[in-house]
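We use all heavy atoms of the structure for the numbers below, so side chains are in, but hydrogens, waters and symmetry mates are not. This one's a predicted model, so the numbers in the text were calculated from it and none came from an experiment. The sequence lines fix the lettering, A, B, ..., with proteins before strands; numbering per chain opens at 1.
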Number of protein chains: 2
Amino acid sequence: MSRVTIKEIARRCGVSQGAVSYALNNQPGVSEATRARVLKVAAELEWVPNRAARQLSAARSETFGLVLARTAQTLIEEPYFMGFVGGIESVLGEKSYALALQVVADLDEELATYRKWAAERRVDGVIVVDLRVADPRIPVLRKLGLPAVLVGDPALADGMPCAWTDGAAAMNAALDHVASLGHRVVARVAGPPEFGDVWIRDQAYELATRRLALSASTHHTDYSATQGATATRDVLTSNPRATAIIYDNDLMAVAGLSVVQGLGLRTPDDITLVAWDDSALCRITHPTLTALSHNIVGYGAEVTHRLLDLLAGATPQSHLYSTPLLIIRDSSGPPPTVRLRG
Amino acid sequence: MSRVTIKEIARRCGVSQGAVSYALNNQPGVSEATRARVLKVAAELEWVPNRAARQLSAARSETFGLVLARTAQTLIEEPYFMGFVGGIESVLGEKSYALALQVVADLDEELATYRKWAAERRVDGVIVVDLRVADPRIPVLRKLGLPAVLVGDPALADGMPCAWTDGAAAMNAALDHVASLGHRVVARVAGPPEFGDVWIRDQAYELATRRLALSASTHHTDYSATQGATATRDVLTSNPRATAIIYDNDLMAVAGLSVVQGLGLRTPDDITLVAWDDSALCRITHPTLTALSHNIVGYGAEVTHRLLDLLAGATPQSHLYSTPLLIIRDSSGPPPTVRLRG
DNA sequence: CGTCGTTACTTAACCGGTTCGGCTTACCAG
DNA sequence: CTGGTAAGCCGAACCGGTTAAGTAACGACG
């Protein structure tokens, strides 16, 4: 209602608009006495800066962008994203930055969004998720000069600033766990192979199963519950049958558990299940799921801090956030001594 | 980087800035010939309007606001919100509107956010979720003159424009279902009583159980998996024991299923479970969960359309989106003939 | 005492659009 | 031929800030 502007404050304080601007932005050019007076009046009038005006003149939007190239369905199913967004928000909220969130169908639309944002000066920087192998977004962002923090392994980031969790180490931990329980045949229900994280884990899985002399198979999916279930069914009906399955997210692990139960098998007696991205899901199933747990909210917050740093002039670098921690719950145990059809 | 402005277009077309603005905004005041020429040049130069500038002069932000007063944890756990946000986005995206999303701790912070947004002219309108009984946000939004669409029953909206799903009808359907299966003792694991939706359902539950002459109890929770599990345990150990439980969301239903299995009971043989907000969760458990299903993505889209209409000058009104549909799956069946401790 | 450097401002241009009053010009009725 | 009207366009103010450049006052210093 009040529509308080800097001009009004200037009038009341008997100084110029410019002086008020300096005072409010904590910049040199005004005496402490004046600054205090201005701040007091601004507070009294409940002045709030007009974002558009500031943005127009300062060429800063105080907005970060996040594009999610996933179907609405995936976004609903996977708790991951909301957690990540929540983490971003928690940091931006207190800096009074805003988040521009856009959900698109595919990478091309994502690129178009970046181009549009860059042209509109809509965002100061972007957070890029679901990094791919040889990700086409990297050259585009470079060309646009749009500051960005990539969420993913430095091996995928091509020198751009990134934040990552050590998926390879986590995969090793998971395989060490099942191997030490005595499993000799394992399976991996993975996400889409073009995703960087999946690729990293594929490599690690390959290496670790060889190191541990495990018989191994990998089943790629689209991360959905449906394909997680199908892949699980495939694993359970193949010969020799795996006695432990490692999933790339928790949704597929839960779906897998359901398939196991539907076939009349028991966990962990008949089969060991290990999930990734430990959300509440893993704790509310029966039995509870052993999972590679990491703090997704914290991850989102971390990435956001990196982007803020970057805009503040920090030198771009990759930043290891954490290594997912193996939380052992009820879904993992020794393999059955008598193998089915083995 | 081209940084194409309206001025540049004007120069190239040999007309004034103002004329270009009229042409680009499809407003009268320029000839068709000129308009065509301007549009052609604008397209060639790949001109994109600068949001800030437009916002500053037109006093429209082309942004809607959504505040979620929930803990980050709830947001991660409940698939509901991401779906809703996805629905909003799907509409806003094509109108090139933006969504300002803010996650806060409580209602007071939510109110503060509205005040700030109104003062900053940050948003053109807001979408208000988690409507309460005698919601304090309603008078504040009225006073701020901030256009809003409330998500909830007209009985709670106090005359403000709203969009809702018929929770009472859904509750009736659920109780008719379990009653027709032969259940005589039912329980309801509900959300927090101060939430309007919960209140509506409480009323409907009360009426319907009386109508059907069912013995009934209600257990209020905070919607979390933990409290859903606790409430389920309470239900299962009370005497006479309910043979059917109706949950207020799917997360608690899944948690409840896990408790049931943990106690060595079977579903639906020993107990019938009915969930609300049918997300993927209900289909990936074993057994699959009978649920009151509604299209949350569509709901978000609907609400957004209502807000757009409102800003376009439509008369405020309440709008019934749909009635949740009872999807019968494996978790509901006749009650056990021999009651435990009954 | 003149000069130089600071400090504390003021002034005004600028960001990139929108919008309104007013000026031309063309056209038509009287 | 004149007056009125409307379409088409121009110029400039304006939205609410930021910021470079200019200025007045003052103290220090050779």
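Ranking C/dG16, D/dT18, D/dG16 by closeness to the A/N25 side chain, first place goes to D/dT18. For A/S31, the side-chain atoms get nearest to C/dA8 when compared with the rest of C/dG17, D/dC10, C/dA8. Of all nucleotides listed (D/dG16, D/dC10, C/dT18), D/dG16 comes nearest to the side chain of B/L56. When distances run from any side-chain atom of A/S21 to the nucleotides D/dT18, C/dG17, D/dC10, the shortest one goes to D/dT18. Picking from C/dC20, D/dT19, D/dG17 the nucleotide with the shortest atom distance to the side chain of A/S57 gives D/dG17. Listed nucleotides D/dT18, C/dG16, C/dC9 differ in distance to A/I6; the shortest reach to its side chain belongs to D/dT18. With C/dT10, D/dC9, C/dG17 as the candidates, the nucleotide lying closest to the side chain of B/T34 is D/dC9.
If you check distances only, the side chain of B/Y22 does reach the base of C/dC20 with a donor-acceptor pair under 3.5 Å.
Each of B/R37 and B/A53 was assigned the nucleotide of DNA chain D with the nearest heavy atom; the assignment lying further toward the 5' end belongs to B/R37. Judged by closest nucleotide on DNA chain C, A/V30 is the one of B/R60 and A/V30 placed further toward the 5' end. Judged by closest nucleotide on DNA chain D, B/G14 is the one of B/G14 and A/A52 placed further toward the 5' end.
In this structure, CD of A/E120 is placed 14 Å from P of C/dG16, rounded to the nearest angstrom. Counting to the nearest Å, the C1' atom of D/dT18 and the NZ atom of A/K7 are 14 Å from each other. Here C/dG16 presents its C1' atom at 14 Å from CD of B/E62, a figure rounded to the nearest Å. The distance from atom CD of A/E32 to atom P of C/dC9 is 10 Å, rounded to the nearest whole Å. Across the protein-nucleic acid pair, B/Q27 atom CD and C/dG17 atom C1' stand 13 Å apart, rounded to whole Å. The distance between atom CD of A/Q17 and atom P of D/dA20, rounded to the nearest whole Å, is 16 Å. Taking atom CD of B/E8 as the reference point, atom P of C/dC15 lies 13 Å away to the nearest angstrom. Across the protein-nucleic acid pair, B/N50 atom CG and C/dT18 atom P stand 10 Å apart, rounded to whole Å.
Here the side chain of B/T304 pairs no donor or acceptor atom with the backbone of B/V91 at under 3.5 angstrom. With B/S21 contributing its side chain and B/A19 its backbone, the two residues share no donor-acceptor pair below 3.5 Å. No donor-acceptor distance shorter than 3.5 angstrom exists from the side chain of B/R11 to the backbone of B/I6, with no hydrogens or angles considered. Remark: the backbone N or O of B/A53 is paired with a side-chain donor or acceptor of B/S57 at under 3.5 angstrom.
Residue contacts shown for B/Q55 are absent, as no nucleic acid heavy atom lies under 4.0 Å away.
For D/dG17, the OP1/OP2 oxygens have a side-chain nitrogen or oxygen of A/W47 closer than 4.0 Å. In this structure, B/R54 does not reach the C/dG16 phosphate: none of its side-chain N or O atoms is under 4.0 Å from OP1 or OP2.
A salt bridge is absent between A/R12 and A/E44: the closest approach of a Lys/Arg side-chain nitrogen to an acidic carboxylate oxygen does not fall below 4.0 angstrom.
A cation-pi contact, defined as under 6.0 Å to the ring centre and within 45° of the axis, is absent between A/R70 and A/F81.
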